[in-house]
Amino acid sequence: MTNKSTIALVGRHVGETVTIGAWVNNKRSSGKIQFLQLRDGTGYIQGVIVKSEVSEDIWNDAKSLTQESSLYVTGVVREEPRSQSGFELTVTGIEIIHLTENYPITPKEHGVDFLMDHRHLWLRSAKQRAVLIVRAEIIRAVQEFFNGNGFTKVDPPILTPSSAEGTTELFHIKYFDEDAYLTQSGQLYMEAAAMALGKVYSFGPTFRAEKSKTRRHLIEFWMIEPEMAFVDHEESLRVQEQFVSHIVQSVLKNCAKELETIERDVSKLEQIQGEFPRITYDEAIAFLQGEGFDIPWGEDFGAPHETAIAERYNKPVFITHWPTHIKAFYMKPDPTRPEVVLCADMIAPEGYGEIIGGSQRIDDPALMEERFNEHNLAREAYQWYMDLRTYGTVPHSGFGLGLERTVAWICGLDHVRETIPFPRMLYRLYP
């Protein structure tokens with residue numbers, strides 16, 4: 001009896017005959033032996049066809065196979081330490097499903113625009129597959145961390161009546177007879193959820209209509225946003241350290257083959273554990289000015305500033321206590337110095353920029369009222385948010401981690417467009 005298997009599970013069938021549904025990744029021939037490089041989504045395996053051991057029809061079918069042709073291949077599983085999978089298939093039968101002609105992505109070099117136009121096919125390449133597996137492992141590790149630390153997953157709405165941060169860079173839509181927007185953050189709703197459940201997190205898509213073309217920006221991206229009642233700024237920073245360390249160590253443990261395929265220097269990732277360095281915004285400004293940057297106190301940082309700071313460390317670094325006027329209206333001022341807020345941006349090493357932004361939130365109703373007036377926030381849109389301070393207000397903190405930037409950093413990618421299956425960028429909505 002022939003067992004049906006996947007490539008990932010052939011190790012359970014050594015010495016047995018199995019059938020695998022696969023695609024031809026590559027093929028080569030050595031006279032009377034053909035070597036099929038096969039993939040099935042779970043991994044790669046070499047199928048060896050010896051002419052003297054198969055029928056003429058099977059031999060000819062194998063010869064006709066082209067890149068990305070699909071087939072059912074039957075054969076005996078053998079151990080092969082030299083292969084990446086550790087196994088090899090001695091082919092005894094082939095059933096062609098579809099012969100592919102003129103597959104557009106070949107081993108030659110292709111431009112980025114060409115590859116992005118063919119993103120639906122580019123995903124099949126070894127590197128892109130590896131990146132998506134790392135992405136999936138990061139998502140699994142995120143859920144594992146929060147589920148194991150007393151957090152409840154809550155799903156905020158994607159359609160909202162207002163901005164989370166007072167910005168105008170939103171996608172406007174008509175919600176029947178009302179104005180609505182695609183969410184840029186679930187944070188405000190997560191604060192409401194935290195008042196009901198204590199510690200919560202969301203994981204979902206967010207949208208920014210920012211007309212940016214940098215290697216760090218996408219129009220549609222995914223955010224993980226925890227919110228914690230009765231937690232102050234310092235405790236939140238400790239959670240962030242543990243969270244990011246858990247993600248990185250999980251990828252190192254469970255995605256070794258994928259990181260090898262991507263050619264990631266894992267020695268840099270192995271250092272991501274324990275406490276992370278911290279500097280204040282004041283210290284960061286002094287450092288940048290000392291490095292020749294013309295940046296006055298009170299300005300936000302751009303990519304060159306973040307990169308210069310990150311190069312001083314081999315771990316993510318927290319930049320804390322930013323000026324109040326350049327941060328969101330809901331961030332709590334430092335009681336000893338109200339011109340700065342109790343917040344932090346976590347900057348990834350190796351020039352990957354901010355991956356987390358977080359803060360302690362304002363819990364004083366009178367101060368929140370002041371912020372509403374200062375930022376000209378519409379009371380009819382935000383009254384529910386004000387209610388959180390009116391009815392049982394408590395100290396609380398939260399943060400948001402951008403999934404795609406985190407994937408880019410952990411994989412060592414040059415651009416976030418490779419971190420999501422079908423990226424949405426300033427001038428790209430296809431495929």
Side-chain angles (χ1 to χ4, degrees), residues 8 131-156 185-206 221-259 264 266 268-278 315-318 343-346 348-349 352 354-361 394-411 419-420:
V131 170
L132 293 186
I133 289 177
V134 171
R135 178 188 173 100
E137 174 60 23
I138 291 171
I139 293 169
R140 190 205 62 78
V142 165
Q143 295 172 328
E144 179 180 68
F145 178 85
F146 288 121
N147 294 345
N149 283 280
F151 287 74
T152 301
K153 185 177 184 296
V154 174
D155 301 316
S185 168
Q187 181 213 309
L188 305 191
Y189 295 97
M190 298 312 293
E191 288 187 52
M195 299 306 118
L197 296 161
K199 293 195 295 185
V200 296
Y201 76 101
S202 66
F203 173 60
T206 53
F221 55 100
W222 288 67
M223 289 282 289
I224 297 98
E225 296 183 281
E227 206 69 32
M228 300 164 285
F230 306 105
V231 168
D232 64 15
H233 173 59
E234 283 296 319
E235 187 177 348
S236 177
L237 293 186
R238 292 194 294 273
V239 172
Q240 293 172 51
E241 288 172 338
Q242 295 162 8
F243 175 50
V244 171
S245 295
H246 177 77
I247 290 172
V248 173
Q249 296 305 314
S250 294
V251 172
L252 285 171
K253 177 182 177 182
N254 298 317
C255 295
K257 288 183 180 179
E258 286 73 25
L259 293 172
R264 182 59 160 120
V266 295
K268 296 180 182 297
L269 298 177
E270 288 166 350
Q271 301 176 63
I272 312 302
Q273 50 190 318
E275 294 184 357
F276 296 170
R278 303 181 190 183
K315 293 182 179 181
V317 55
F318 287 113
C343 74
D345 287 355
M346 183 190 291
Y352 284 93
E354 178 193 342
I355 54 171
I356 287 182
S359 74
Q360 187 167 341
R361 319 309 191 187
V394 299
H396 61 290
S397 301
F399 60 91
L401 176 137
L403 176 61
E404 284 72 26
R405 285 193 185 181
T406 304
V407 175
W409 162 48
I410 291 177
C411 291
T419 65
I420 190 169

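Bear in mind the structure is a predicted one, so any value in this text is a computation, not a measurement.
The shortest distance between side-chain heavy atoms of Val142 and Phe243 falls below 4.5 Å. Inter-residue side-chain proximity for Pro395 and Gln360 is flagged as met; some heavy-atom pair is nearer than 4.5 Å. Side-chain contact between Phe145 and Ile247 is absent, with no heavy atoms from C-beta onward closer than 4.5 Å. Here the side chains of Ile133 and Cys255 are in contact, with some heavy-atom distance below 4.5 Å.
Panel note: side chain Gln249, backbone Ile272; a donor-acceptor pair is recorded below 3.5 Å. Listed for the Arg135 side chain is no donor-acceptor partner under 3.5 Å among the backbone atoms of Val407. The closest donor-acceptor contact from the side chain of Thr206 to the backbone of Ser185 lies at 3.5 Å or more, if one exists at all. Distance alone, capped at 3.5 Å, places no donor-acceptor pair between the Lys315 side chain and the Pro277 backbone. In this structure, Lys199 contributes its side chain and Asn149 its backbone to a donor-acceptor pair below 3.5 Å. Side-chain atoms of Gln187 do not come within 3.5 Å of backbone N or O of Phe399 as any donor-acceptor pair.
Heavy atoms only, all atoms of each residue included: Ala194 and Ala229 are closest at O-CB, 3.8 Å. For the residue pair Arg361 and Ser359, the shortest heavy atom distance occurs at NH1-OG, 2.7 Å. Taking each heavy atom of Pro316 and Phe276 in turn, the nearest pair found is O-CB, 3.3 Å. Taking all atoms of both residues into account, the shortest heavy-atom contact from Ala193 to Val200 is O-CG1, 3.9 Å. Smallest separation of non-hydrogen atoms from Phe146 and Pro226: CZ-CG, 3.3 Å.
For Glu191 and His396, the side-chain atoms include at least one donor-acceptor pair closer than 3.5 Å.
The only option from Leu259, Thr406, Val266 that meets the side chain to side chain contact (heavy atoms under 4.5 Å, CB included) definition with Val251 turns out to be Leu259.
Judged as a salt bridge (charged side-chain N to carboxylate O under 4.0 Å, His left out), and not counting sequence neighbours, the contacts of Arg264 are Glu350. In this structure, Glu225 has no salt bridge (charged side-chain N to carboxylate O under 4.0 Å, His left out) partners at least two apart in sequence or on a different chain. When the salt bridge (charged side-chain N to carboxylate O under 4.0 Å, His left out) test is applied to Lys268, no partner is found at least two apart in sequence or on another chain. In this view, Ala256 satisfies the side chain to side chain contact (heavy atoms under 4.5 Å, CB included) rule with no residue, not counting sequence neighbours.
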Next on the checklist: Set out, in order, the CA-CA distance, both residues' side-chain angles and the distance that settles side chain to side chain contact (heavy atoms under 4.5 Å, CB included) for Val248 and Trp409, then state yes or no.
Outcome noted: CA-CA 10 Å; Val248 173; Trp409 162 48; 3.7 Å; yes
Item to check | Phe203 vs Leu403, side chain to side chain contact (heavy atoms under 4.5 Å, CB included): CA-CA, chis, key distance, verdict | outcome: CA-CA 9 Å; Phe203 173 60; Leu403 176 61; 3.9 Å; yes
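The structure places CG of Leu401 at 7.5 Å from CE of Met223, a figure rounded to the nearest 0.5 Å. Of the inter-residue distances, the one linking Leu237 atom CG with Met346 atom CE reads 8.0 Å to the nearest 0.5 angstrom. To the nearest 0.5 Å, the span separating CD on Glu404 from CD1 on Ile138 amounts to 9.5 Å. Annotation: the span from Leu197 atom CG to Lys153 atom NZ amounts to 13.0 Å, rounded to 0.5 Å.
For residues 137-147, the salt bridge (charged side-chain N to carboxylate O under 4.0 Å, His left out) pairs, not counting sequence neighbours, are Glu137-Arg140, Arg140-Glu144. Judged as a salt bridge (charged side-chain N to carboxylate O under 4.0 Å, His left out), the pairs with a partner in residues 231-241 (not counting sequence neighbours) are, in order, Glu234-Arg278.
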